[in-house]
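Below, each value reflects all heavy atoms present in this structure, side chains not excepted, and no hydrogens, waters or symmetry copies.
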Amino acid sequence: MASWIPCLCGSAPCLLCRCCPSGNNSTVTRLIYAFFMLLGVAIACIMLMPGMEGHLKKIPGFCHVNCDVLVGYKAVYRVCFGMAMFFLLFSLIMVKVKSSQDPRAAVHNGFWFFKFAAATAITVGAFFIPEGPFTTVWFYIGMAAAFCFILIQLVLLIDFAHSWNESWVEKMEEGNSRCWYAALLSATAINYALSLMSLVLFYVYYTHSDGCTENKVFISINMLLCVGVSVMSILPKIQESQPRSGLLQSSIVTLYTMYLTWSAMTNEPDRRCNPSLLGIIGLNSTTPAGQDRVVQWWDAQGIVGLILFLMCVLYSSIRNSSNAQVNKLTLTSDESALIEDGPAPDNFEMGDGSSRAIDNEKDGVTYSYSFFHFMLFLASLYIMMTLTNWYSPDSSYETMTSKWPSVWVKITSSWICISLYVWTLVAPLVLINRDFD
């Protein structure tokens, strides 16, 4: 174990020299940063656990009022503030790093002990920030950053839908067409069945005959938009310009739109139109109309959001910061000085015969360091909003309440998702001089 201590100050490959199989330096580094973020998420969840209020109130100046509910949320805001500032700092430092020969690349890929200490120091220091308007201001900053993160995910989701369909269509054309056709049909049917079931549940539990007008409008508009894009995807003109456009992509976009619609309605201030999902299925008592429900991070909305975070954020922070994805987001095609993250060369053997990761970025980085850290910065604030259910402190700073801006952020993102998908369908017809292959 003493021989591992120098690795804490060395490069990422050194961390694998004893206990893990060989791998690329670029992959190992991203996994370690993802571990940093997940460790912060775990700490944020601990801050919301029952019994932590007493310990947090002992911090000088952290809580001046009777804030048994608010104290945990303030702790989450500060933990995520520390993570966000750490990743934002590295995003700025790593701008325009072209290869591992850049001195800044050594900082990115090594010095793990010092970086962990720096992240810890920033997070601990955040707990001693004078309260004032910090919680409210940071809430709106977090809302804006989380909205940006959702937008980036929308772009990548649509790209994933097209890539998935193209991959299966190619395999269907190469051979065993019946099997792959059945797989395409089954995946599409499942997505639409889940969307239809969600739609019915929305109308049953999130609307009332004498109210909830906003929810009725949201559900109806998104239902009509999803039907419209599904029909549009199979129109002859669209099929002529994009032969591989089909209902699989539309079903994925439809299902995600239903999720965003549900997520928006769970933040509506009117409790009659926003029942707890645990209460719907009979696992939680209902709250009388007009009475604010105590906000709990482990409510179904928070649980679903956390699961999606673990699935999507890890994928986006590791896979989606590759060069090709950055070019899709920035609409550029300059890949000079960038290389593909392909298989590693022959393993580098240490003197004692154990394998270690190798530096595969001497000729050019395999992903954008700056964009990778910026994605983690946005992800830190997204998880902050998810764990607190997008709730903000009220004017007295004694409770957390739902606000309409949170609803509009999410419902707007669902409309942007559909708009982006429509653009991928009609762009070849509008920009006829551009090659979309």
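- Side chain of Thr424 to main chain of Tyr421: a donor-acceptor pair is present (N/O by atom type, distance under 3.5 Å, no hydrogens or angles).
- Under a 3.5 Å cut-off, the side chain of Gln239 and the backbone N or O of Ser233 do form a donor-acceptor pair.
- In this structure, the ring of Phe86 has its center less than 6.0 angstrom from the ring center of Phe90.
- Panel note: side chain Ser91, backbone Phe87; no donor-acceptor pair is recorded below 3.5 Å.
- Listed for the Lys216 side chain is no donor-acceptor partner under 3.5 Å among the backbone atoms of Tyr203.
- Between the side chain of Lys96 and the main chain of Ser370, no donor-acceptor pair closer than 3.5 Å is present.
- Paired with Ile122 under the rule side chain to side chain contact (heavy atoms under 4.5 Å, CB included), one option of Met83, Arg78, Met85 passes, and it is Met85.
- At most 12 non-hydrogen atoms from other residues, nucleotides or ligands lie less than 6.0 angstrom from CZ of Phe374.
- Between Phe134 and Trp138, the angle of the ring planes stays under 30°, which puts this pair in the parallel group of the 30/60° scheme.
- Shown here for Cys417 and Val253, the closest heavy-atom pair between the two residues is SG-CG1, 4.0 Å.
- Side chain to side chain, Thr254 and Ser195 fail the donor-acceptor criterion of an N or O pair below 3.5 Å.
- Of all the heavy atoms in Val169 and Leu184, the pair that sits closest is CG2-CD1, 4.1 Å.
- In this model, a donor atom of one side chain and an acceptor atom of the other lie less than 3.5 Å apart for Asn109 and Thr29.
- Taking 4.5 Å as the limit, some side-chain heavy atom of Asn215 sits within range of a side-chain heavy atom of Glu268.
- Remark: the backbone N or O of Ser167 is not paired with any side-chain donor or acceptor of Glu170 at under 3.5 angstrom.
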Taking it one step at a time, do Met385 and Phe149 satisfy side chain to side chain contact (heavy atoms under 4.5 Å, CB included)? CA-CA 11 Å; Met385 301 305 295; Phe149 182 80; over 6 Å; no

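- Side-chain atoms of Ser263 do not come within 3.5 Å of backbone N or O of Leu260 as any donor-acceptor pair.
- For Tyr206 and Phe218, the distance between ring centers is not under 6.0 angstrom.
- Counting non-hydrogen atoms of other residues, nucleotides and ligands closer than 6.0 Å to CZ of Phe116 gives a total of 12 or fewer.
- Lys237 contributes no side-chain N or O that, together with a main-chain N or O of Met232, makes up a donor-acceptor pair within less than 3.5 Å.
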Verdict with reasoning, Ser198 to Tyr259, per side chain to side chain donor-acceptor pair (under 3.5 Å): CA-CA 8 Å; Ser198 302; Tyr259 162 72; over 6 Å; no

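- For Asn191 (side chain) and Ala187 (main-chain N/O), a donor-acceptor pair under 3.5 Å exists by modelled atom type.
- Counting only N and O atoms by type, the side chains of Tyr77 and Thr136 include no donor and acceptor under 3.5 Å apart.
- Contact check for Ile190 versus Leu255: no side-chain heavy atoms found under the 4.5 Å cut-off.
- Applying side chain to side chain contact (heavy atoms under 4.5 Å, CB included) to Tyr369 and the options Lys98, Arg30, Met94 leaves one that passes, Met94.
- Across Pro428 and Ser241, no two heavy atoms sit closer than the pair CB-CB, 4.1 Å.
- Of the possible polar contacts, none joining the Ser220 side chain to the Val217 backbone as a donor-acceptor pair under 3.5 Å is found.
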